[in-house]
Structures are given as C-alpha cells and as structure tokens.
Undergrad: 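Starting off with a structure, shown below.
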Amino acid sequence: MDVSPILSPLNDPQRAAVTAPLGATLVLAGAGSGKTRVLIHRIAWLIQAEGATPHGILAVTFTNKAAAEMRARVESLLGTSGGAMWLGTFHGLAHRLLRLHWREAGLPQSFQILDSEDQLRLVKKVVKALELDETRFVPREVQYFINKHKDEGRRPAQLKDGGDPTERTLIRLYIEYEQTCARMGAVDFAELLLRAFELWRDRPQLLQHYRSRFQHVLVDEFQDTNSIQYAWIRLLVGTTGFPFVVGDDDQSIYRWRGARVENLQKFRSDFPQAQLFKLEQNYRSSAAILEAANALIANNSARLGKELWTSGARGEPVRVYCAYNERDEAEFVLGRIQQWIAGGGLRRECAILYRSNAQSRVFEETLIQARIPYRVYGGLRFFERAEIKDALAYIRLIANRDDDGSFERIVNLPVRGIGARTLDVLREAAKGAGSSLWRAAGTLLAAAGDRATAGRGAAALHGFLALIERLGRDIEGMPLHEQVDHVINNSGLIEHFRKDKADRGEARIENLAELVSAARGYEPEGEDLPPLQSFLAHAVLESGETQGSEWDDCVQMMTLHTAKGLEFPVVFLCGMEDGLFPHQRSINELASLEEERRLCYVGITRAMRQLYLCYAEQRRLHGVDSYNVASRFIQELPPGLLEEVRPRIQLTRHGYAAPASGRRAGVGEAAGMFRNPVETTPGGMRLGTRVRHGKFGEGVVLNLEGQGPHARVHVNFEQQGAKWLMLSVARLEPV
DNA sequence: GTAGTTCGTCTTTTT
DNA sequence: GACGAACTAC
C-alpha cells in the first residue's frame with residue numbers, strides 16, 4: 001500500500017509521531033506546528049499501515065467544528081468513508097453511548113439534554129423549592145458547585161460537609177437537583193460525561209466490549225480535558241489500548257471551566273513507557289512574532305518546555321501603539337486595516353482580538369462609520385436564542401409531558417392568564433404528590449371540575465393543557481419539519497412575537513422560520529432514535545455555529561478565547577492594559593495570572609505576518625473612565641523586538657462620532673475600500689452600495705451572508721442603524 | 001396579573 | 001452603558 005500521501009507532507013518530527021509504534025503516545029505540539037495534521041495523518045497511518053479499521057478507532061475533540069473538520073480531512077486523505085469510526089466531541093460520544101445503553105445507564109429511553117441555561121433555571125427552581133435565600137445560595141454558584149463535583153467525578157454521597165452548614169446545604173441542593181433531573185428524565189452536560197464514565201466503570205462486560213473494539217484512542221487538545229474526561233479515556237484504554245494524545249500545555253486557557261493541564265503530567269506517570277514527541281517548528285508566524293511569543297511564555301513556571309522556531313524570515317517587528325483612549329485605539333486599528341486593504345489585502349485577513357466582549361462595541365462603531373464590513377464572533381448562537389428555545393419547549397413538552405422545565409417556560413407564553421399564584425399552587429401540588437407539573441395540573445383540574453368553581457387560573461390552565469394535547473394529536477405522523485412548523489404556528493408564539501417591538505419581533509419570527517428549515521434540512525445520524533428526539537438532542541449538543549461562508553470578506557472580531565486554533569495575517573491585540581488584560585480578577589493569584597499569560601501567548605501566535613499590541617491610557621468601561629498602564633505582558637517582551645508607533649498628529653476628527661453619517665465619508669475612500677473583491681449576491685447587491693428600504697429609508701450594505709433564498713444582507717440605515725434583512729423578503733432598491 | 005421603574009452587576013465559553 | 005432581576009404601582 002502506498003503511504004507516501006500520508007507521510008510526504010510531514011516534517012521529521014511530525015513523521016516520527018505519525019509512524020510511532022503502537023503504544024501510548026504523547027505529542028506536545030506548539031502553536032502552528034501542525035498538531036491537527038499529525039492527528040489526522042496518524043489515523044490514516046493506523047488504517048493504511050497498521051491494519052486498523054475505522055471501526056476500531058475512537059477520536060475525540062472538544063468542538064463540533066473540530067470534529068467535522070477532522071472527519072472530512074481523514075476521509076479526503078484516505079479516499080474512503082470513515083463512517084464506522086467514532087469521531088466526535090466528548091459530549092457527543094458520551095451521548096451516543098448513553099443512547100445505546102440507556103437501560104444499563106439507568107436512564108429513560110427518551111432522556112433529554114439540558115444546556116447550561118436550562119440547568120441554571122432548574123437550579124434556581126431547586127433553590128426556591130428548598131426555600132433557601134437566593135442571595136446566600138446564588139443559583140449560578142450552586143450550578144458551579146454541582147458541575148465542579150461532576151467534572152471531578154463526585155456524586156453527593158461522596159461529599160463530606162466537614163461540619164460546615166453552607167457546605168451541607170450545597171450538598172443537599174446537589175441531591176435535590178439530581179432527583180429533579182431524574183424525575184424529568186433530564187441530563188445536563190456534565191452528567192453526560194459522568195454517566196458515560198460510570199456506565200463503563202460499573203459494567204465490566206460492557207467495558208470489555210468497547211475495549212476490544214476501540215484499540216486506538218486519539219485525543220485532540222489534551223490540555224483541555226477535565227478529570228472525568230481523562231478518567232473516561234483511561235478506563236477505555238485500560239492496559240491493552242493505544243492512546244495517542246496531542247496537546248500544548250502553553251495553550252491551556254480553560255482551567256476556569258475545569259480543564260486540567262496536569263493531565264499531561266498524569267498521562268506520563270500513568271503510561272511511563274509512553275513515547276514523547278515534541279513539535280516545535282512553526283509554519284505560521286514570522287520569526288519576530290515567534291520570538292515575542294517564546295519570550296513571553298518563558299515567564300511561566302512549571303512548563304513542559306518547548307520553544308517555537310521557524311525557518312522563515314524575521315519579518316516585520318511587533319508594533320506597539322499607545323492610544324489616548326479606546327476611541328483612538330479603534331481609529332488606529334481602522335487606519336492600519338485600511339492600509340492593508342489598500343495594499344491589496346483582504347478584510348478577512350485582519351483580526352481584532354480582545355479580552356472581553358464588551359470591547360467590541362467601539363470597534364464596531366468605528367468600522368460601521370468607515371463602511372468596512374466586519375463580523376463579530378461569539379454571542380448567542382442559533383439554538384440558544386430565546387424564541388428558538390420557546391418553540392423547542394413546546395415540542396419538548398409535547399414529546400414528554402413530565403418535562404417541568406419546558407412546562408414552566410411556556411405555560412404562560414404567550415400570556416394566557418396563568419400567573420405566579422396559579423403556578424405556586426401547581427408547584428405545591430406537584431411537590432406534595434412527587435409528580436410532574438403536568439400531572440399535578442391534571443389532578444388539580446379534575447378535582448376543581450367537580451366543584452365547578454374553577455377560577456380564572458384554572459380555566460386558563462385547562463386551556464393550556466388542552467392546547468398541548470391538541471398539538472400533540474395534530475402533529476402525530478407528520479414529518480419533522482411540518483411538526484415544528486405546525487407547533488410554531490398554532491401555539492400562539494407567532495402572534496406573541498408579532499406584538500414585540502417591530503424589528504425585534506420581526507427578527508424573532510424570521511428565526512422561527514429558520515428553525516423550520518433547520519428541521520427540514522436535518523438528517524438524523526443514528527437510525528436508533530425517533531427523528532424528533534434526535535433533532536432535539538442535536539439542538540442542544542450543537543447549538544449551531546452561524547455558518548461563516550468563505551464567501552464573506554469581513555474584518556474578524558473575537559475574544560482571545562475564541563481565536564484559539566485560528567490564524568490571521570494581521571492581528572491586533574487590543575486592550576493590552578493591566579486590569580483588563582491580565583484581567584483584574586486574575587492579577588492576584590499566580591495560577592490565574594499564568595493562565596492570562598498563556599492567553600496572551602495564544603493571541604500572539606495567531607499572527608502570521610503583522611502583529612499590533614494596542615493599549616489605551618484612558619478607557620471608558622462600564623460607563624466610567626479608568627486610567628491604566630500598559631499590560632505587564634508588553635513589558636515582558638524584549639524591547640528590541642518592538643517598534644513603538646508614534647501617535648499621529650491629530651488631523652482627523654478625533655473622537656468624532658456623529659451617528660451613522662456615512663454620507664460624507666469621501667467617495668474616493670469608499671470606492672477604494674470596496675474595489676477589491678467584487679462580491680455580488682444573486683440580487684445584484686454589493687458591499688458598500690447604497691440601498692433604499694420602504695420602512696427604514698436609505699443605508700449602506702455592510703455585509704452579505706448566505707445564498708439563494710437564505711441570503712441575508714446587513715444594512716446600516718442612516719436613521720435606524722444597522723439591521724440584518726432577508727434578501728428574499730425585504731424589498732431593497734439600489735440608490 | 002401586568003407594566004413600569006429602579007437597582008446591581010458586568011471575564012473568558014463549549015458542550 | 002446594557003441587561004436582568006426584583007420591586008412597586010396600577
């Protein structure tokens with residue numbers, strides 16, 4: 001068999017790792033050193049040279065995006081389908097396992113998954129039900145407490161209060177929360193992992209089955225694994241499997257959500273015979289950028305030790321800009337982006353990175369004013385939007401009447417006169433009978449019916465139950481998307497949102513329509529689950545990345561966390577001020593300060609050719625001005641690498657911020673800006689063109705997204721501000 | 001039962 | 001400066 005396509009694109013250390021003899025293997029791979037490539041080629045190698053079959057391989061990642069990309073690349077490398085391979089996120093694979101073995105795992109067959117928001121609501125409910133003071137037992141903190149223990153594999157029974165009454169109450173809450181979940185047939189994210197772990201731990205014959213099936217276990221981003229994820233992997237590997245893990249301790253930035261860098265060390269002590277490979281050659285950044293990154297990260301203690309190098313040129317120096325304030329910072333960034341574009345560069349090659357989301361606003365305003373299309377990453381994803389969750393709650397309640405979370409969410413949405421009083425009675429009854437709200441409502445109404453004194457609340461409640469029953473009957477036998485469509489249109493949701501503030505409601509109704517098309521386009525992965533169930537799980541597990549097509553050419557804006565794994569020719573690291581980055585809350589503890597430093601390292605290593613570090617002497621944050629000094633991370637870089645950018649003499653309107661007055665931005669300037677990639681929609685719409693809308697007046701096209709009937713356009717209207725419009729719906733005329 | 005108003009909070013995020 | 005929660009007034 002010809003393995004040259006697998007091996008020839010690799011450098012020596014990469015090839016050594018890919019072809020390592022079967023056994024435990026640890027690959028320490030620096031930023032931009034081809035980490036994912038090694039993992040992908042290893043899989044191909046196992047199949048083509050080691051006689052493994054896709055059936056015998058389990059590969060795990062952290063995000064759906066990474067999993068999808070990996071599958072596609074493996075398949076293209078092998079030229080065959082890797083369908084039999086288990087490749088997915090930890091949560092996705094755990095879910096798959098639990099669906100297959102729901103009985104052994106002690107779950108109802110139709111168990112549903114709670115996302116973090118659902119979980120928080122439930123925790124709140126439990127805190128209330130136990131009549132605890134919400135200021136003393138803050139739901140968010142209780143949620144954190146529960147998840148922390150689940151992430152470490154601990155059930156309430158294993159916890160000791162140590163005589164501390166607060167601890168005791170927290171444990172009680174954990175117990176009560178678990179019972180509520182069990183009653184609802186609900187499983188949160190951490191529970192998926194913990195259950196999957198316990199399933200194997202407590203069923204030796206089942207574990208044995210999977211051990212003999214999955215000899216090859218590959219883990220990406222190993223430094224991000226938490227305790228239970230590692231324990232799960234170890235259980236599967238046992239003494240006979242071959243774990244192949246890839247990670248970078250210097251890029252561990254998720255300690256705060258349970259990730260354990262120590263797992264890298266643990267792996268080495270658990271598998272003392274493990275082979276270690278280091279990938280240090282970087283193919284992404286210029287030598288100057290790498291030198292900065294190396295110098296910065298050298299300030300951290302307890303590293304496994306790695307130094308990036310490149311055979312490439314030194315490149316441009318790292319530039320530092322000290323701005324007067326955040327507005328000036330944004331103007332500076334804008335100017336450099338315009339320079340880049342004028343030099344023939346693309347907008348999408350520029351990334352503005354920042355520590356916290358709140359920083360994006362000034363950049364957005366500045367870019368809008370300059371009529372430069374941009375895209376902000378992060379923010380609410382599709383399936384997390386309130387209206388989508390409302391619609392799904394109807395569907396969930398129809399599928400499972402005992403789903404109290406969904407019941408509470410929609411019982412009075414749209415308002416149907418079921419207020420707090422009625423609900424209190426209902427909750428009491430449910431608690432007394434140990435049943436779900438739905439059942440309690442049924443019993444309550446039956447009892448009240450006899451007395452014929454059914455009050456307003458009761459009548460409304462009756463109406464609600466009847467509605468759910470009717471919808472349930474209506475949609476039986478319909479294809480998935482028609483079910484969704486029917487529920488949306490007959491639940492009163494549409495009318496409810498129509499009453500919302502004009503454009504807000506319009507957007508929500510559009511999203512609901514989008515939900516129907518998501519259902520139409522949905523292809524269930526496992527045949528074992530009813531399509532509706534499968535769709536609901538999909539909605540929670542893959543909250544839906546807003547599909548950024550290659551087609552867009554926008555300046556990219558995101559937090560440093562989101563930027564991990566990406567690369568850009570031009571990177572602006574903004575808000576480099578002590579207190580903001582490193583964040584105030586991380587400054588006093590060494591471990592968190594080091595994590596901030598790793599975050600900065602991640603940011604620096606995103607840059608391929610140009611890197612700018614910007615900070616503002618004065619910054620308005622949370623409505624108040626603060627005065628800051630440059631981030632200590634800038635001080636930690638060798639001065640010889642840096643080039644201070646002199647503040648420009650203020651010729652331009654400084655701090656000028658007339659709202660949406662794009663009109664006067666020089667014509668020539670705009671023409672130059674949009675000359676480069678000529679993108680048009682099917683409707684002949686073009687970035688930068690002026691359009692008129694019947695209701696919103698005139699505006700400028702900032703951005704285009706999607707194709708065909710789904711094409712959307714982002715228009716900055718002079719009066720109404722920026723809005724997204726469906727091209728197929730909105731009537732827009734070029735001016 | 002709901003609409004309007006003030007108060008307090010404000011890293012980072014995937015599943 | 002923006003959002004949600006909790007409180008108050010109708």
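Residue numbers begin at 1 in each chain, while the letters A, B, ... track the order of the sequences.
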Undergrad: What about A:Thr63, does its side chain sit under 3.5 Å from the base of B:dT15 through a donor-acceptor pair?
TA: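 By the distance-only test, no, there is no pair.
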Undergrad: Can you tell which of B:dT2, B:dT11, B:dT14 lies closest to the side chain of A:Arg355?
TA: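 In terms of side-chain proximity for A:Arg355, the closest of B:dT2, B:dT11, B:dT14 is B:dT11.
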Undergrad: So what does A:Asn147 hit on the nucleic acid, given a heavy-atom distance under 4.0 Å: a base, only sugar-phosphate, or nothing?
TA: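 Touches nothing.
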Undergrad: In terms of side-chain heavy atoms, does A:Asp403 have a donor or acceptor partner in A:Gln112 at a distance below 3.5 Å?
TA: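 Yes, A:Gln112 and A:Asp403 have a side-chain donor paired with an acceptor closer than 3.5 Å.
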Undergrad: Which of these, A:Leu580, A:Asp578, A:Leu573, sits in a side chain to side chain contact (heavy atoms under 4.5 Å, CB included) with A:Ser631?
TA: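 Going through the options one by one, the only one that passes is A:Asp578.
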Undergrad: State, without any angle test, whether A:Gln223 and A:Gln251 hold a side-chain donor-acceptor pair at a distance under 3.5 Å.
TA: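 No - no donor-acceptor pair under 3.5 Å links their side chains.
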Undergrad: Within the 4.0 Å heavy-atom criterion, would you say A:Val415 contacts the bases, only the backbone, or no part of the nucleic acid?
TA: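 Sugar-phosphate: the residue A:Val415, judged by heavy atoms under 4.0 Å, touches backbone atoms but no base.
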Undergrad: For the pair A:Trp86 and A:Tyr210, name the ring-plane relationship: parallel under 30°, tilted 30 to 60°, perpendicular over 60°.
TA: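 Aromatic pair A:Trp86/A:Tyr210 classed tilted.
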Undergrad: Using the six-membered ring wherever Trp is involved, compare the ring planes of A:Phe383 and A:Phe535 and label them parallel, tilted or perpendicular (cut-offs 30° and 60°).
TA: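 Answer is perpendicular, since the angle exceeds 60°.
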Undergrad: Phosphate oxygens OP1/OP2 of B:dT13: is one of them under 4.0 Å from a side-chain N or O of A:Thr559?
TA: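 Checking A:Thr559 against B:dT13: at least one side-chain N or O falls below 4.0 Å of OP1 or OP2.
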Undergrad: If you assign each of A:Leu541 and A:Ser356 to its closest nucleotide in DNA chain B, which residue comes earlier from the 5' end?
TA: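 Per heavy-atom nearest nucleotide, the more 5' residue is A:Ser356.
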Undergrad: To the nearest Å, how far apart are A:Leu599 CG and B:dT12 C1'?
TA: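 Roughly 7 Å, once rounded to whole Å.
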Undergrad: Using a heavy-atom cut-off of under 4.0 Å over every strand shown, decide if A:Asn64 touches base, sugar-phosphate, or nothing.
TA: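 Sugar-phosphate: the residue A:Asn64, judged by heavy atoms under 4.0 Å, touches backbone atoms but no base.
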Undergrad: Take the protein atom OH of A:Tyr377 and the nucleotide atom P of B:dT14, then report the distance between them rounded to whole Å.
TA: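 That distance rounds to 13 Å.
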Undergrad: Check this one for me: any side-chain N or O of A:Asn357 less than 4.0 Å away from OP1 or OP2 of B:dT12?
TA: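 So the side-chain polar atoms of A:Asn357 do come within 4.0 Å of the phosphate oxygens OP1 or OP2 of B:dT12, strictly under.
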Undergrad: So, OP1 or OP2 of B:dT13: does either fall under 4.0 Å of a side-chain N or O from A:Thr562?
TA: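 Yes, because at least one side-chain N or O of A:Thr562 sits under 4.0 Å from OP1 or OP2 of B:dT13.
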Undergrad: Whole Å only: how far is the CZ atom of A:Arg140 from the C1' atom of B:dG8?
TA: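 To the nearest whole Å, that distance equals 15 Å.
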Undergrad: May I have the distance from A:Leu566 (atom CG) to B:dT13 (atom P), rounded to whole angstrom?
TA: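 Going from CG in A:Leu566 over to P in B:dT13 covers 13 Å.
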Undergrad: Which pair of non-hydrogen atoms, one from A:Leu122 and one from A:Met184, has the smallest distance, and what is that distance?
TA: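 A:Leu122 and A:Met184 have their closest heavy atoms at CD1-SD, 3.8 Å.
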Undergrad: Quick one, A:His561 with A:Trp256, criterion ring-ring contact (aromatic ring centres under 6.0 Å, His included). Give me CA distance, side-chain angles, the key distance, then yes/no.
TA: CA-CA 12 Å; A:His561 283 90; A:Trp256 51 276; 5.8 Å; yes
Undergrad: Does A:His583 contact B:dT11 through a side-chain donor or acceptor facing the base, at a distance under 3.5 Å?
TA: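 No such pair is found, so the answer is no.
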Undergrad: How would you label the glycosidic angle of B:dT11: syn (within 90° of 0) or anti?
TA: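 Base orientation: syn.
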Undergrad: Show each protein N/O and nucleotides 1-10 of chain C N/O combination with a separation under 3.5 Å, one pair to a line.
TA:
unit_1	atom_1	unit_2	atom_2	d
C:dG1	O6	A:His622	O	3.0
C:dA5	OP1	A:Lys124	NZ	3.4

Undergrad: Just the rounded figure in Å: distance from P of B:dT15 to CG of A:Leu193.
TA: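 Atom-to-atom, A:Leu193 to B:dT15, this comes out as 13 Å.
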Undergrad: Just how far, in rounded Å, is P of B:dG1 from CG of A:Leu413?
TA: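 That distance rounds to 16 Å.
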Undergrad: Whole Å only: how far is the CZ atom of A:Phe581 from the P atom of B:dT11?
TA: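 Rounded to the whole Å, the gap is 15 Å.
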Undergrad: Figure out the CZ/P separation between A:Phe189 and B:dT15, and round it to whole Å.
TA: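 Atom-to-atom, A:Phe189 to B:dT15, this comes out as 8 Å.
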Undergrad: Does OP1 or OP2 of B:dG1 have a side-chain N or O of A:Thr422 closer than 4.0 Å?
TA: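 Indeed, a polar side-chain atom of A:Thr422 lies that close.
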Undergrad: Just by distance, no angles: are the side chains of A:Asn628 and A:Gln618 close enough, under 3.5 Å, to form a donor-acceptor pair?
TA: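 Side-chain D/A pair, A:Asn628 to A:Gln618: absent.
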Undergrad: A:Trp256 stacking on B:dT12: centroids under 5.5 Å, ring planes under 30°?
TA: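 Taking the rule of under 5.5 Å and under 30°, the ring of A:Trp256 does stack on B:dT12.
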Undergrad: At under 4.0 Å, does any side-chain N or O of A:Arg257 touch on OP1 or OP2 of B:dT15?
TA: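 A:Arg257 to B:dT15 OP1/OP2: no side-chain N or O under 4.0 Å.
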